[in-house]
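To keep things clear, I will list the structure first and then write my remarks on it.
Per chain, numbering begins at 1; letters A, B, ... match sequence-line order. What you see is a predicted model, and the numbers here were worked out from it, not measured in a lab.
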There are 2 protein chains.
Amino acid sequence: MGAGNDNLTVPTSAESITFGMLPELIGYRLRIAQIGIFRDFCTSVDEPEITPTLFGALVLIDANPGMKQTQLADAIQLDRSSVVSVLDKLEARGLVERVRAPENRRANALHLTTEGRRILDSLIPQVRAHEERVLRNLDPAERAQLQKLLGRLVLAAG
Amino acid sequence: MGAGNDNLTVPTSAESITFGMLPELIGYRLRIAQIGIFRDFCTSVDEPEITPTLFGALVLIDANPGMKQTQLADAIQLDRSSVVSVLDKLEARGLVERVRAPENRRANALHLTTEGRRILDSLIPQVRAHEERVLRNLDPAERAQLQKLLGRLVLAAG
DNA sequence: TATTGTTATACTCTATAACTATA
DNA sequence: TATAGTTATAGAGTATAACAATA
């Protein structure tokens, strides 16, 4: 009976409507949550044009210096060809560089530039603040529980 | 300690990588979950080309006969203009009809057709089975808890 | 032959702005 | 003037297929 939103209300212009079975569906809840969080992320982050996808790529390259494009594609659930445009954007802004891998000259080793590192460092507190805002109605135990439950969903492979 | 996936592994081709801070971020977890659920939904549902969005529109129109397009737009978090194409698809398949509202001749009252009702009735058990599959690692209390926590996130308005 | 990255291309989804018809 | 729906249009994001270089 908390201050929650079990009956799901979305701000609607005129008289309110009923959502039928939708609020019972985890897929629907997730979709609504993700749309809202995506919007909040984009308005919370100072760097223009940095989306959750680009931020995720920066984090992964930072955590795995020299990783290959195919590995990045797997990690962010995109096709190889889609990763090309992600990296084109990051490289155009001077945040990432593609270095021909000496041991396998088909592959590119990905690295943050100094500027990429600087931007990532400035983004992290902004993203943490954004997360804090989204989660502000949940106490630490509830946040941990939410993480854990999301991690146990059974998801279709790419 | 459960059978969970706290450390987040995504099937990756070569040597595995580390995800850095991403697994701590609720936005990242939600995005991964939503991509996987969307894929599972589309392969689970027999009707071709029925996406979660179209299914949601059918449920809402069924639950609110005569609702207006603007109300539907608010409910599914789309612009008025985007709802036009949603309804065009549903109407082209004979599932929904737009009836000029007599009390306000600018507006359309939305209704399921007999065929729309029939298709919705056949979709519901498929969607329930899909949800059951996604949630199969969670017991009833955990499912309820997940719903409740998702409902308490603070989301940006449209 | 298989793999890595790239290109060309097309498709879907969505929003913005301008339009129409009603109010 | 304001509202409901539509259209035209453009942008972002993604995938598929074919290609070059390398293994």
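For Gln69(A), the listed nucleotide lying nearest its side chain is dT6(C); candidates were dT6(C), dG13(D), dT16(D). Among the nucleotides dT14(C), dT4(C), dG5(D), the one closest to the side chain of Ala107(B) is dG5(D). Taking the side chain of Arg105(B) as heavy atoms from C-beta on, and the options dT6(D), dA23(C), dT6(C), the nearest nucleotide is dA23(C). Side-chain atoms of Ser81(A) lie closest to dA17(D) of the nucleotides dA17(D), dA2(D), dA23(D). Closest to the side chain of Lys68(B), from the set dT6(C), dG5(D), dA23(D), is dG5(D).
Contact check, Arg80(B) against dA15(C): no side-chain N or O comes under 4.0 Å of OP1 or OP2. When the side-chain nitrogen and oxygen atoms of Arg39(B) are compared with OP1 and OP2 of dA15(D), one or more of them lie within a distance under 4.0 Å. The side chain of Arg98(A) contributes an N or O atom lying less than 4.0 Å from OP1 or OP2 of dT6(C). In terms of phosphate contacts, Ser82(A) brings a side-chain nitrogen or oxygen within less than 4.0 Å of OP1 or OP2 of dA15(D). At dA4(D), none of the side-chain N or O atoms of Gln71(B) fall inside 4.0 Å of OP1 or OP2 (strictly under the cut-off). Between Lys89(A) and dA12(D) there is no side-chain N or O to OP1 or OP2 distance below 4.0 Å. Distances shorter than 4.0 Å separate some side-chain N or O of Asn108(A) from OP1 or OP2 on dT6(C). An OP1 or OP2 oxygen of dG5(C) is reached within less than 4.0 angstrom by a side-chain nitrogen or oxygen of Thr70(A).
For the pair Met67(B) and Ser85(A), nearest-nucleotide mapping onto DNA chain D gives the more 5' position to Met67(B). Heavy-atom distances to DNA chain D give each of Val86(A) and Pro102(A) a nearest nucleotide, and the one nearer the 5′ end belongs to Val86(A).
A salt bridge is absent between Glu131(A) and Arg143(A); no separation between the charged side-chain nitrogens and carboxylate oxygens falls under 4.0 Å.
Taking atom CZ of residue Arg106(A) and atom C1' of nucleotide dT22(D), one finds them 6 Å apart after rounding to whole Å. Arg100(B) places its CZ atom 17 Å from the P atom of dT3(D), with the value rounded to the nearest Å. Atom CG of Leu87(B) is separated from atom P of dT14(C) by 13 Å (rounded to the nearest Å). The distance from atom CG of Leu78(A) to atom C1' of dG5(C) is 15 Å, rounded to the nearest whole Å. Spacing between atom CD of Glu49(B) and atom P of dC13(C) amounts to 9 Å, rounded to whole angstrom units.
Leu54(B) is connected to Leu123(B) through a chain of hydrophobic side-chain contacts under 4.5 Å among Ile, Leu, Val, Met, Phe, Trp and Tyr, so both are in one cluster.
Between His130(A) and Phe41(A), the ring planes lie perpendicular to each other; the angle is over 60°, past the 30° to 60° tilted range.
Note on Asp79(A): a base of the nucleic acid sits closer than 4.0 angstrom, heavy atoms only. Thr53(A) comes within 4.0 angstrom of no nucleic acid atom, judged by non-hydrogen atoms across all strands.
The backbone N or O of Leu60(A) lies less than 3.5 Å from a partner atom in the side chain of Asn64(A), making a donor-acceptor pair. A donor-acceptor pair under 3.5 Å links the side-chain atoms of Ser44(A) to the main chain of Asp40(A), judged by distance alone.
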Next item on the list: Begin from the C-alpha positions of Gln147(B) and Arg29(A) and carry the test side-chain hydrogen bond (donor to acceptor under 3.5 Å, both in side chains) through to its verdict.
Entry: CA-CA 7 Å; Gln147(B) 292 280 1; Arg29(A) 292 269 190 193; 3.1 Å; yes
